Amino acid sequence: VVRRSISGAMTPDPHGGLPGTGPSTMVLEGNHRIAPEVGKVYARALRRLAPIGPHGPRERWMSLLDADDAGTGTGTGTGTGTGDAGSCAVEVVPQDYLAEQFVLQEVLDRHHRAGVPFEEIAVIARNGAMLQRLVRMFQAQGVPVGQSMSDVVLNQEPAVAPLLQVLRIVASPEASDVELPEVLALLTSRYGEADSMTLRSLRQVLRQQERRTAAAEPRGSDELILTAVNTPEDPVVAAVDAQERYRHLTRGASRVAAMIHAGRAGCDAAVGPEELLWQIWDAAGVSAHWAGVSRRPTAEGRVADQDLDAVMALFQAAERFADQTPGASPRAFVDHMERLELPMDTLAKTSAGDHAVEVLTPASAAGREFDTVILTGLQEGAWPNLNPRGQLLGSGHLVDVVEGRTDAAAQSPLVKRMNVLQDEFRLFASAVSRAKNRLFAVAVHGHQESPSMLLDLVVPADQRTTRTAAIPRPITAPRLI
């Protein structure tokens, strides 16, 4: 039986068990997957943790370090070891972009030179903001990447933000026309599919048609763009849309107009947010197209995959919101989603390809295993993050009361800080133990950033070799050409 701490780490609960039945202890003997060099890193992390439970399993890991100290270890731990012993390596670079380059290089080297499939490689970072940067970097380099929607800030997803914007428009008590900034944002979204050149061409075509038919002063291009979305049945807009040669210009505006019209037609006091959201999504008519594109092994296919995953997570969030707050309006759901600044848990399934690099947090990586694990973001203040947890609602104090830690000594700031540090070590140990054969860590040492003390657990400072050669370029397509 385990208990989840405030930081998300799982620790044994000696008082757990079924009601009326005392807990039984099962000790897992032996190591069946972690290579010795990776096991040493795990042992160094365990050495920083307060002992809990039987000492036998812990001592087996410590024996790896004892053998290394005695000179009978299986490798040097400097990152040059290969084979069944596994290998570990660290890189300290002066800038963030170089850290991303080393992550990319390690992924491509392991895939092309060591023959490790992409799905057997995981990149683990402490926070979601870094995960997003890594995902964008991999996508730009054409590397297939999979990411759990539990690590994504949902309202920032390109396929979700326009749906929330339309939902806010149609759920507004004032049924007024959509303003120009909102129209332009929707037209240049995933659903409008327009860029600056497409918008310019659409403005020119609408102005030309307006001059041909207007009896009085012709309307400006801004007004015509607004008309194309708010009143698509306008004669000028309808005349342009009826011409096949302009259909590629008006398709996005027609789709946005259909989404807004469907939302307003379905908006009713008895309609919940998930039902209204479905009517808007159904009117967009992009699900079949995105599903077809997602089957292609291209960058566009990976973007469509991510968009469909995000929309599914949004519907799951809407369903959960309706269950938790019965009778809440769609406007309340939009306010709830737009206030989110952190990733939210979701049970929605994702459609990530079978052959993709996994980008994870320590919590989402728990329970999985990979041939190669890359740890990034090992910066002082970021990982370990020693900021107090649960201060706003006092959840940490509630845990202390339940576990009987209410005396003055247990409530001292130093003790609380040590408890948080223990949780951070557990997260690090959990991330390290996901690797089977290769562990690689990268950190930045610049004017305002310094490497984390966790870096010394991967390869101690006295065992590292100083890089004298130039930083190699990753094995990307431009380099090969």
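All values reported here derive from a predicted model rather than from experimental measurement.
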- Task: Please answer whether the main-chain N or O of Glu223 pairs with a side-chain N or O of Thr227 as donor and acceptor at a distance below 3.5 Å.
- Result: yes
- Determine, for Arg168 against Glu338, whether the closest basic-nitrogen to carboxylate-oxygen distance falls under 4.0 angstrom. yes
- Just by distance, do the side chain of Thr325 and the backbone of Ala328 share a donor-acceptor pair under 3.5 Å? no
- Message: Which heavy atom of Val38 sits nearest to which heavy atom of Lys436, and what is that distance?
- Response: CG2-O, 4.3 Å
- Query: Hey, is the main chain of Ser430 close enough, under 3.5 Å, to the side chain of Ser433 for a donor-acceptor pair?
  - Reply: yes
- Lys/Arg N to Asp/Glu carboxylate O, Asp371 vs Arg438, below 4.0 Å: no
- Message: Once rounded to the nearest 0.5 Å, what's the spacing between atom OG1 of Thr376 and atom CG of Leu131?
- Response: 9.5 Å
- Of all the heavy-atom pairs spanning Leu360 and Ala122, show the shortest one and how long it is. CD1-CB, 4.4 Å
- Query: Does the side chain of Val103 reach to within under 4.5 Å of the side chain of Val123, using non-hydrogen atoms?
  - Reply: yes
- Donor-acceptor pair, His111 side chain versus Val116 backbone, under 3.5 Å? yes
- Query: Do the non-hydrogen side-chain atoms of Phe428 and Leu375 ever get within less than 4.5 Å of each other?
  - Reply: yes
- Between Asp335 and Arg339, is a side-chain contact (heavy atoms from CB on, under 4.5 Å) present by the stated rule, with each step listed? CA-CA 6 Å; Asp335 292 337; Arg339 283 195 300 265; 3.7 Å; yes
- Query: What pair of heavy atoms forms the shortest contact from Val240 to Tyr246, and how long is it?
  - Reply: O-CB, 3.8 Å
- Salt bridge present between Arg426 and Asp423 (N-O < 4.0 angstrom): yes
- Query: Stepwise, does the side-chain contact (heavy atoms from CB on, under 4.5 Å) test hold for Val229 with Glu182?
  - Reply: CA-CA 10 Å; Val229 172; Glu182 295 175 319; over 6 Å; no
- Message: To the nearest 0.5 Å, what is the distance between SG on Cys267 and CD on Gln279?
- Response: 9.5 Å
- Message: Measuring only between side-chain heavy atoms, which start at C-beta, is Gln316 closer than 4.5 Å to Met312?
- Response: no
- Item | Point-to-point distance, once rounded to the nearest 0.5 Å, from CZ of Phe321 to NE2 of His336 | 6.0 Å
- Item | Val41: which of Leu454, Ile34, Val458 passes side chain to side chain contact (heavy atoms under 4.5 Å, CB included) | Val458
- Does any N or O in the side chain of Asn230 come within less than 3.5 Å of the main-chain N or O of Leu226, such that one atom is a donor and the other an acceptor? yes
- Query: Looking at side-chain heavy atoms only, is the closest gap between Gln209 and Gln243 below 4.5 Å?
  - Reply: yes
- Relative to the ring of Phe315, is the ring of Trp281 parallel (under 30°), tilted (30 to 60°) or perpendicular (over 60°)? perpendicular
- Message: Could you walk me through whether Gln141 and Leu104 satisfy the side-chain contact (heavy atoms from CB on, under 4.5 Å) test, starting with their C-alpha distance in whole Å, then the side-chain angles of each, then the deciding distance to 0.1 Å, before giving a yes or no?
- Response: CA-CA 9 Å; Gln141 297 295 337; Leu104 177 62; 3.5 Å; yes
- What one should report as the nearest heavy-atom pair of Glu380 and Pro451 is OE1-O, 3.5 Å
- Message: Between Gln379 (side chain only) and Val444 (backbone N and O only), is there a donor and an acceptor less than 3.5 Å apart?
- Response: yes
- Salt bridge Asp96-Arg133, side-chain N to carboxylate O under 4.0 Å: no
- Message: Under the criterion side-chain contact (heavy atoms from CB on, under 4.5 Å), I'd like the reasoning laid out for Leu277 against Leu163: C-alpha separation, chi angles, the key distance, then a yes or no.
- Response: CA-CA 8 Å; Leu277 187 64; Leu163 291 177; 4.2 Å; yes
- Task: Could you tell me whether Arg219 and Glu210 make a salt bridge, using a distance below 4.0 angstrom between a side-chain N and a carboxylate O?
- Result: yes
- Approximate separation, where rounding is to 0.5 Å, of Thr198 OG1 and Arg200 CZ: 12.0 Å
- Message: Tell me if a side-chain donor or acceptor on Arg247 pairs with a main-chain N or O of Asp241 at a distance below 3.5 Å.
- Response: yes
- Message: Rounded to the nearest 0.5 Å, what separates atom CD1 in Ile121 from atom CD1 in Ile374?
- Response: 6.5 Å
- From the options Asn385, Leu378, Leu457, select the one residue that forms a side chain to side chain contact (heavy atoms under 4.5 Å, CB included) with Ser452. Leu378
Taking distance alone, no hydrogens or angles, what donor-acceptor pairs closer than 3.5 Å link side-chain atoms of residues 251-261 to residues at least two apart or in another chain?
residue	atom	partner	partner atom	Å
Ser254	OG	Thr250	O	2.9
Arg255	NE	Ala284	O	3.2
Arg255	NH1	Tyr191	O	2.7

- Query: Are any non-hydrogen side-chain atoms of Glu369 and Glu120 less than 4.5 angstrom apart?
  - Reply: no
- Is any side-chain heavy atom of Leu164 closer than 4.5 Å to a side-chain heavy atom of Leu314? yes
- Query: So do the side chains of Pro144 and Phe138 get within less than 4.5 Å of each other, counting heavy atoms only?
  - Reply: no
- Interatomic distance, CZ@Arg296 vs OG@Ser294, rounded to 0.5 Å, equals 9.5 Å
- Might you point out which heavy atoms bring Arg434 and Gly367 nearest each other, and give the distance in Å? NH1-N, 3.4 Å
- pair Phe333-Met337: side-chain heavy atoms closer than 4.5 Å: yes
- Task: Would you confirm whether Ser329, through its side chain, and Ala332, through its main-chain N or O, come within 3.5 Å as a donor-acceptor pair?
- Result: yes
- Query: Can you tell me if Arg207 and Ser221 form a side-chain donor-acceptor pair at under 3.5 Å?
  - Reply: no
- Task: Provide the closest heavy-atom pair for Ala443 versus Leu455 in the form atom of the first, atom of the second, distance.
- Result: CB-CD2, 4.0 Å
- Message: Tell me whether Ser450 contacts the main-chain N or O of Gly446 through its side chain, where contact means a donor paired with an acceptor under 3.5 Å.
- Response: no
